[in-house]
2 protein chains.
Amino acid sequence: MLTQKAKYGLKALLMLAQQEQGEFTLVAEIAERQKLPRKYLELILLELRKQGFLHSQRGKHGGFRLAKPADQITFGQIIRVLDGPLAPFPCASLTGYRKCEDCTDEQVCAVRKQMRRVRDAMAAILDSTTLAEAAAQGVAADPAAEPALA
Amino acid sequence: MLTQKAKYGLKALLMLAQQEQGEFTLVAEIAERQKLPRKYLELILLELRKQGFLHSQRGKHGGFRLAKPADQITFGQIIRVLDGPLAPFPCASLTGYRKCEDCTDEQVCAVRKQMRRVRDAMAAILDSTTLAEAAAQGVAADPAAEPALA
DNA sequence: CTATTCTCTAGTAAATCGCTAGGGAAATAG
DNA sequence: CTATTTCCCTAGCGATTTACTAGAGAATAG
């Protein structure tokens with residue numbers, strides 16, 4: 001399960017991906033339009049800026065904008081920055097590998113093997129989905145195409 | 001990220017899947033062989049029993065065994081019991097759906113759309129992988145086939 | 001200089017995780 | 001019947017993480 005943090009970050013970036021190239025958007029405006037807690041969002045955007053996804057400017061006419069084209073930022077990158085590795089377990093992670101305390105033979109561990117498969121499937125989607133694509137799809141969606149869940 | 005609980009549960013069940021049909025195994029033995037904390041494992045097995053995955057017997061010659069054939073128990077079922085829904089966000093879940101507080105239009109939410117794809121990919125793997133398969137693969141694995149991660 | 005807006009550090013309440021403790025109840029052995 | 005084994009069940013608890021809020025500081029525009 002991802003955290004609110006990652007969700008907020010993704011939502012904010014998607015919104016910025018739909019702005020005019022080079023235009024700055026205020027944190028306050030993002031927070032309001034997306035209904036996100038303003039101060040918390042600030043922290044998140046700061047983090048994304050430090051990781052090179054956002055460019056910011058202070059003072060009047062300041063705000064945030066993407067630091068690179070929306071088709072060069074993937075969901076996977078963002079989630080890893082905000083929530084850490086994608087893999088269900090550390091022992092199945094490429095980017096955040098850590099051995100299990102209790103594992104006697106990792107090469108044979110059936111749990112790890114399956115979790116690697118899951119990780120790979122997640123990564124295949126998340127590392128290939130860019131902000132640009134997602135923004136386009138999200139907006140162009142036909143409401144009737146997807147029935148409500150239960 | 002899954003919890004230790006789910007990992008412990010999966011490991012224990014996989015071990016039981018490799019026992020003779022109908023034979024009982026002690027919690028203490030599972031804990032020792034898999035290097036898991038005994039008391040915590042008890043809780044987990046209890047939960048799995050209540051959900052119909054395990055059968056147990058008390059007293060001498062007691063212990064736990066699978067309540068159904070190993071090819072009828074999937075990773076997905078187990079993880080849902082121990083850790084809850086698979087989906088990255090509640091709004092993308094089939095089994096544990098909950099609306100996002102901040103979502104204005106769910107039908108258009110690009111984040112949700114992508115998370116549904118991720119959920120579906122995870123479910124496709126986890127709901128089709130049985131204990132029987134995983135146990136067979138885990139044991140038959142060729143150590144040289146999978147290089148160490150970093 | 002002043003208003004604006006991001007920047008940064010702290011703090012914090014609540015929830016969750018990953019256990020441990022300990023006694024109770026059922027089954028079996030003798 | 002008694003003792004032993006083993007699961008059953010409830011409680012609790014320390015550490016960590018989550019999801020924020022507060023508030024002062026620094027840059028920028030006008």
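Just so we're on the same page: letters track the sequence lines, and every chain starts at 1.
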Given [options], the nucleotide with the shortest approach to the side chain of [X]:
X: B:Pro37; options: C:dT20, C:dG18, D:dT6; value: C:dT20
X: A:Arg49; options: D:dA19, C:dA26, C:dT7; value: C:dT7
X: A:Leu43; options: C:dA25, D:dC20, C:dT28; value: D:dC20
X: A:Lys60; options: D:dA29, D:dA19, C:dG24; value: D:dA29

Legend entry - Upstream residue (5' side of DNA chain C) when A:Ala28 and B:Tyr40 are each assigned their closest nucleotide: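 The 5'-side residue here is A:Ala28.
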For [X] and [N], what is the distance between atoms [atom1] and [atom2] respectively, to the nearest whole Å?
X: A:Leu46; N: C:dA10; atom1: CG; atom2: P; result: 15 Å
X: A:Lys5; N: D:dT16; atom1: NZ; atom2: P; result: 17 Å
X: B:Phe24; N: C:dA26; atom1: CZ; atom2: P; result: 17 Å
X: B:Leu48; N: D:dC7; atom1: CG; atom2: P; result: 14 Å
X: A:Lys35; N: D:dC20; atom1: NZ; atom2: P; result: 13 Å
X: A:Glu29; N: C:dC6; atom1: CD; atom2: C1'; result: 15 Å
X: A:Gln4; N: D:dT17; atom1: CD; atom2: C1'; result: 13 Å
X: A:Gln51; N: C:dT7; atom1: CD; atom2: C1'; result: 16 Å

Legend entry - Residues B:Lys5, B:Glu47: salt bridge by 4.0 Å N-O rule: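 Yes, B:Lys5 and B:Glu47 are salt-bridged.
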Inset, instruction - Compare side-chain N and O positions of A:Ser56 against OP1 and OP2 of C:dT7 and report whether any pair is under 4.0 Å apart. - result: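 Yes, because at least one side-chain N or O of A:Ser56 sits under 4.0 Å from OP1 or OP2 of C:dT7.
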Legend entry - Toward the 5' end of DNA chain D, by each residue's nearest nucleotide, A:Arg38 or B:Arg38: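 That would be B:Arg38.
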Tell me what [X] touches on the nucleic acid: a base, only sugar-phosphate, or nothing, going by heavy atoms under 4.0 Å.
X: B:Tyr8; value: sugar-phosphate
X: A:Gln57; value: sugar-phosphate
X: A:Leu45; value: nothing
X: B:Lys7; value: nothing

Legend entry - Close side-chain approach of A:Pro37 and A:Tyr8, heavy atoms under 4.5 Å: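 Sidechains of A:Tyr8 and A:Pro37: in contact.
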Inset, instruction - Show your reasoning for whether side-chain contact (heavy atoms from CB on, under 4.5 Å) applies to B:Met115 and A:Leu2. - result: CA-CA 10 Å; B:Met115 294 309 149; A:Leu2 298 184; 4.1 Å; yes
Inset, instruction - Would you check if there is a donor-acceptor pair between the side chains of B:Asp71 and B:Thr130 at a distance under 3.5 Å? - result: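 Judged by distance alone, the side chains do not pair up.
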Inset, instruction - Establish whether A:Leu26 and A:Leu48 are linked, either directly or via other cluster members, by ILVMFWY side-chain heavy-atom contacts under 4.5 Å. - result: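 No, no single cluster joins them.
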Inset, instruction - Look at the side-chain heavy atoms of Ile, Leu, Val, Met, Phe, Trp and Tyr, link any pair under 4.5 Å apart, and say whether B:Leu43 and B:Val81 land in one connected group. - result: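 Looking at the clustering, B:Val81 is in the same group as B:Leu43.
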Inset, instruction - Classify the side chain of B:Glu42 versus the base of D:dC8 as yes if they form a donor-acceptor pair under 3.5 Å and no if they do not. - result: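 Looking at the base of D:dC8, it does pair with a donor or acceptor on the side chain of B:Glu42 (distance under 3.5 Å).
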Inset, instruction - Could you tell me whether the side chain of B:Lys39 has a donor or acceptor atom within less than 3.5 Å of a complementary atom in the base of C:dG18? - result: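 Such a pair does not exist between side chain and base.
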